[in-house]
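Sequence lines set the chain letters: A, B, ... in the order given, protein chains first and strands last, and positions in each chain run from 1.
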There are 4 protein chains.
Amino acid sequence: MSRANVSAEQLKLFIERIETLEEEKRGLADDIKGVFAEAKSNGYDVKTMRTIIKLRRMDRNDRAEQEALLETYMSALGLEV
Amino acid sequence: MSRANVSAEQLKLFIERIETLEEEKRGLADDIKGVFAEAKSNGYDVKTMRTIIKLRRMDRNDRAEQEALLETYMSALGLEV
Amino acid sequence: MSRANVSAEQLKLFIERIETLEEEKRGLADDIKGVFAEAKSNGYDVKTMRTIIKLRRMDRNDRAEQEALLETYMSALGLEV
Amino acid sequence: MSRANVSAEQLKLFIERIETLEEEKRGLADDIKGVFAEAKSNGYDVKTMRTIIKLRRMDRNDRAEQEALLETYMSALGLEV
DNA sequence: ACGTTTGCGCTTTAGC
DNA sequence: GCTAAAGCGCAAACGT
């Protein structure tokens with residue numbers, strides 16, 4: 001088999017792997033929607049839930065960001081991190 | 001246990017389920033990036049790969065429609081297609 | 001002149017207006033680069049400057065976001081904003 | 001006035017100049033969005049307009065190169081171009 | 001000069 | 001169908 005064909009085969013495998021992963025990703029997005037729907041049918045306010053989840057995610061991110069900022073400052077001051 | 005506590009507990013479970021699913025979704029996004037990186041290190045052009053994946057996902061008719069519209073506009077502007 | 005030609009002319013004008021604005025936008029981006037370069041040649045640390053600018057922008061955005069969050073809470077509680 | 005104060009003042013000026021330029025840049029971005037909105041309300045397809053602007057900005061050679069690469073990959077995968 | 005990494009802007013998606 | 005948010009892609013910027 002020629003080198004070109006080997007390459008084509010390899011390219012095809014890469015693309016199929018990505019397409020599979022994307023499919024799974026879409027599946028998870030649907031699952032998430034499903035849980036929200038279930039919560040709603042149990043009387044919970046979806047908008048408020050989203051706010052809570054967003055805030056919890058922000059807390060984590062902010063914490064990570066603070067660390068990064070600190071490192072930048074330390075570097076700027078010529079200190080070891 | 002009071003009704004309020006039951007509700008709070010249930011709400012917590014819903015939110016944790018969603019956060020877990022979102023975490024998995026992020027994991028898959030990372031996996032996808034990893035495959036692209038691997039393909040790149042094997043000499044493939046990532047941008048072109050993305051184009052191909054996009055085209056394959058697109059419905060054949062939608063694609064033809066979009067191209068027709070583009071040609072119409074290009075002609076209207078006196079540009080080469 | 002036919003209606004098609006009028007449309008083509010109008011389309012052309014829209015596109016040219018956008019292209020002009022984008023050109024100006026690129027010019028401003030260059031100006032910004034220039035100021036950073038000037039500051040650097042005066043001995044300032046560019047990375048630290050970027051951090052400061054980012055923080056100042058974040059402060060403003062966070063303030064706006066806090067307001068938005070408050071509104072969400074108020075709505076969730078059935079209160080008037 | 002001490003040297004440190006001069007430096008601080010100078011740094012402040014640099015930062016303010018950059019913030020002003022960034023503000024203007026954001027203003028232009030808004031203007032562009034406005035023109036797209038106007039075009040849309042006149043019945044034009046925004047997505048296609050974006051494609052045209054992109055193509056016009058692209059160098060003719062680069063464009064031909066990319067298309068050739070896409071065709072190569074598509075053929076390798078046994079897909080129709 | 002090149003490759004990696006970060007930040008910005010666009011595109012797409014989800015909800016109203 | 002439109003508006004708002006999130007995720008993704010690209011391009012510039014930094015370090016090697």
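When the side-chain contact (heavy atoms from CB on, under 4.5 Å) test is applied to B/Glu22, the partners found at least two apart in sequence or on another chain are A/Ile32, A/Ile53, A/Arg57, B/Ile18, B/Arg26. For D/Leu77, the side-chain contact (heavy atoms from CB on, under 4.5 Å) test picks out A/Leu11, A/Lys12, A/Ile15, B/Ile52, D/Leu79, with sequence neighbours left out. Residues satisfying the salt bridge (charged side-chain N to carboxylate O under 4.0 Å, His left out) criterion with C/Lys40, sequence neighbours excluded, are absent altogether. Contacts of A/Glu24 classified as side-chain contact (heavy atoms from CB on, under 4.5 Å), with partners at least two apart in sequence or in another chain: A/Thr20, A/Leu21, B/Leu28. A search for side-chain hydrogen bond (donor to acceptor under 3.5 Å, both in side chains) contacts involving B/Glu19 returns A/Arg56, not counting sequence neighbours. By the side-chain contact (heavy atoms from CB on, under 4.5 Å) test, A/Arg50 is found to be paired with A/Phe36, A/Val46, residues two or more places apart in sequence or in another chain being considered. For the salt bridge (charged side-chain N to carboxylate O under 4.0 Å, His left out) test, residues two or more places apart in sequence or in another chain that qualify with B/Glu38 are A/Arg17.
If you measure from atom CG of B/Asp62 to atom P of E/dT11, you get 17 Å, rounded to the nearest angstrom.
At a threshold of 4.0 angstrom between heavy atoms, the contacts of C/Val46 are confined to the sugar-phosphate backbone, with no base atom among them.
Fit an axis to the five pairs at each end of the helix from E/dA1-F/dT16 to E/dC16-F/dG1 and the two axes sit 10° apart, to the nearest 10 degrees.
A/Met49 and B/Leu13 are members of different hydrophobic clusters when ILVMFWY side chains are connected at heavy-atom separations under 4.5 Å.
Within the structure, no pair that satisfies the ring-ring contact (aromatic ring centres under 6.0 Å, His included) test touches residues 62-81 of chain D, not counting sequence neighbours. Residues in residues 11-30 of chain A take part in these ring-ring contact (aromatic ring centres under 6.0 Å, His included) pairs, two or more places apart or across chains: A/Phe14-B/Tyr44.
Each of C/Lys47 and B/Lys47 was assigned the nucleotide of DNA chain F with the nearest heavy atom; the assignment lying further toward the 5' end belongs to B/Lys47.
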Problem set entry | Nucleic acid footprint by protein, nucleotides 2-10 of chain E - heavy-atom cut-off 4.0 Å, B for base, S for sugar-phosphate alone | -----SSS-

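Boundaries of the chain C contact region on DNA chain F are F/dA13 to F/dC14, first to last in 5' to 3' order (nucleotide atom under 4.0 Å from a heavy atom).
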